[in-house]
Amino acid sequence: MDWFDGPTFISALDSFEVPEKPIDKPLRIPVQDVYSIKGVGTVPVGRVETGKVKSGDELIFMPSGNKAEIKSIEMHHEEIPEAEPGDNIGFNVRGLSRDEI
């Protein structure tokens, strides 16, 4: 095309740089759903937007202000030691029922 002197579509896509994950910001996990699983307990699920979370961390659920400790974290049915931005996780919490989250 004589009238266009910019990069091709594929070249423009290839030139994009992946932004850094916001792991240095406070933890935010919008909770999508909460499950009560027999033998496991209360399992909220959601996507980590900012920050990092690992087993043993204490979370504060807002707007209720309830606190709970994370017993384990799973992603795609595999247990992981920690989750960072972009991870869709389910995490088992100690000390809260489904209705308290």
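Side-chain atoms are counted along with the backbone in the values below, which use heavy atoms only and exclude waters and symmetry mates.
For Ser11 against Thr8, the heavy-atom pair with the smallest separation is OG-OG1, 2.9 Å. Ile73 and Glu82 make their closest contact through CD1-CA, 4.3 Å (heavy atoms, listed as atom of the first residue, atom of the second, distance). For the residue pair Pro44 and Ile101, the shortest heavy atom distance occurs at CG-CD1, 3.6 Å. A pairwise comparison of heavy atoms in Met75 and Ile80 identifies CB-CD1, 3.9 Å as the closest pair. When all heavy atoms are compared, the tightest approach of Ser72 to Ser55 is CA-OG, 3.6 Å.
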Cut-off 3.5 Å, no hydrogens considered: what does the side-chain donor-acceptor table look like for residues 86-93, sequence neighbours left out?
from  : atom 1 : to    : atom 2 : distance (Å)
Asp87 : OD2    : Glu84 : N      : 3.0
Asn92 : ND2    : Val40 : O      : 3.1

Donor-acceptor list for residues 22-39 side chains, cut-off 3.5 Å, not counting sequence neighbours:
from  : atom 1 : to    : atom 2 : distance (Å)
Asp33 : OD2    : Tyr35 : OH     : 3.4

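Partners of Asn66 by side chain to side chain contact (heavy atoms under 4.5 Å, CB included), not counting sequence neighbours, listed by chain and number: Ser64, Leu96, Glu100.
A distance of 9.5 Å separates CD in Glu69 from CG in Leu59, rounded to the nearest 0.5 Å. To the nearest 0.5 Å, atoms CD1 (Ile60) and NZ (Lys67) are separated by 5.0 Å. Interatomic distance, Lys21 NZ to Thr50 OG1, rounded to the nearest 0.5 Å: 13.0 Å.
Between Arg47 and Glu49, at least one side-chain N (NZ, or NE/NH1/NH2) sits under 4.0 Å from a carboxylate O, which counts as a salt bridge.
Residues Val53 and Phe61 share a hydrophobic cluster, clusters being chains of Ile/Leu/Val/Met/Phe/Trp/Tyr side chains in contact below 4.5 Å.
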